[in-house]
Amino acid sequence: MKTTRRAFGTLTIALLASTALADDNNVTLRMSTPASETDQRSVSLAEVFAPAVAEFATYEPHYNASLIAQGSELESIASGDLEMSITSAQELAQFFPEFSIFATGYVHQDAAHQVAVFNDALMDGFKAKAEAELDVKLLSVMYLGRRHVNLRQTKDELTVTNPADLAGVNLRMPGTDAWQFLGKALGANPTPMSFTEVYTALQTGSVDGQDNPLPTVVDAKFYEVTKQIALTSHLVDLNYIAMSKSTWDGLTGEQQATLQSAADAAAESGRVAQLEKEANLVSFLKEQGLSVYEPDLAAFREHVQAQYVGTEFAASWPAGVLDKINALGN
Ligand code: KDO
């Protein structure tokens, strides 16, 4: 956890002034994400969120990290250069290590559990800190899906049954410490790389594989350059719809309420659609020639969870929060 960044404790009035208020009190909400335009989260924000706030806000999405590099979105919001992003707990953990609890393997159980956790009082302290120290308001939780291990090797070349089978496998994981730790905890040799570079890296063989949920494997066409998916479900992954707190503060109470329900509605519609895709994509991927199979899930869960015990990550988790998260699950 060497790169904890706490540079934004002293956000100033300048930020408040920089809120992107355009003519006629119409606010522009620039949103940057590494995701594509066809990713379900992008679709829901464009189709559900944008029209719902149109009376007072212009939603301006930037896809494929074309505006801000993956992992720099929070800093850009904090410095007033961006109004929105679909951020991750791993990215927030770069500033506030305790967010790593939501990025830990096999903690969230499913989409409903994510929602219960996000709306529970246990999140209050996390949300308040992000607002006060980073000027980032977390509006709602989006479902990204169950992350699995997706490799170039055929199943005959490498069958993944337990973590030991991933020894020496060069697995692309996103660039932050929490992601890299998860890759190691899976038993692999993690390589940091931004999302937009993954297809080419798989194609050229500079990595052996990557991990993402099935809808992402399909949307980003990773199935064209890989041969198998071991359904490890190592992380039921989420993103937060994040917004500049200064921009939020510049809205009227009524606008804030509209924007909040627009974000919740987009998250809900995205969740429903993403779950449906997840349920239906195995057959599509098999038709594309990939082997899709379940490894020894108990072995993976036990191994991954054991790796976190005694780490700096676990030490940063507020007392009792893991128990509260578990109690909200099944
Ligand atoms: C990825 O880089 O693998 C990841 O899935 C990480 C997520 O947190 C999220 O940023 C996502 O990429 C992008 O939105 C692209 O789908």
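Both counts, for ligands and for their atoms, begin at 1 and track the order of listing. The model shown is predicted, which means the values in this text are computed figures rather than measured ones.
A cation-pi contact, defined as under 6.0 Å to the ring centre and within 45° of the axis, is absent between K221 and Y199. For the pair K127 and F118, the distance from NZ or CZ to the six-membered ring centre is under 6.0 Å and the angle to the ring normal is within 45 degrees.
Taking every non-hydrogen atom of T33 and a distance limit under 4.0 Å, the qualifying atoms of ligand 1 come out as 14 (O).
On a distance-only criterion, W179 and ligand 1 share no N/O pair closer than 3.5 Å. Considering backbone and side-chain N/O atoms, R172 comes within less than 3.5 Å of an N/O atom of ligand 1. Taking any N or O of R147, backbone or side chain, at least one lies under 3.5 Å from an N or O belonging to ligand 1.
By the 4.0 Å heavy-atom criterion, M173 is excluded from the residues contacting ligand 1. Residue contact annotation: N239 has a non-hydrogen atom under 4.0 Å from ligand 1. For the pair Q210 and ligand 1, no heavy-atom separation below 4.0 Å is found.
Side-chain rings of Y223 and F284 approach one another, their centers coming within less than 6.0 Å.
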Residues 64-71 side chain polar contacts: donor-acceptor under 3.5 Å, at least two apart:
| from | atom 1 | to | atom 2 | distance (Å) |
| --- | --- | --- | --- | --- |
| S66 | OG | Y63 | O | 2.8 |
| Q70 | OE1 | F195 | N | 2.8 |

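The pair K129-E98 counts as a salt bridge, with a side-chain nitrogen and a carboxylate oxygen less than 4.0 angstrom apart.
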For R152 and D208, run salt bridge (charged side-chain N to carboxylate O under 4.0 Å, His left out): C-alpha distance rounded to whole Å, both residues' side-chain angles, the deciding distance at 0.1 Å, then the answer. CA-CA 6 Å; R152 295 179 79 238; D208 294 319; 5.4 Å; no
Are E197 and S194 close enough, and set up right, to give a side chain to side chain donor-acceptor pair (under 3.5 Å), and what steps lead you there? CA-CA 6 Å; E197 291 168 25; S194 60; 3.3 Å; yes
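If you check each of M193, R41, E73, E91 against atom 9 (C) of ligand 1, the one with the closest non-hydrogen atom is R41.
The protein heavy atom nearest to atom 10 (O) of ligand 1 is Q70 NE2, 3.4 Å. The protein heavy atom nearest to atom 7 (C) of ligand 1 is L144 CD2, 3.9 Å. From the protein, the heavy atom lying nearest to atom 5 (O) of ligand 1 is N212 OD1, 2.7 Å.
Using a 4.0 Å cut-off between heavy atoms, A35 contacts ligand 1 through both its backbone and its side chain.
In terms of hydrophobic clustering, with Ile, Leu, Val, Met, Phe, Trp and Tyr side chains grouped at heavy-atom distances under 4.5 Å, V198 and V169 are assigned to different clusters.
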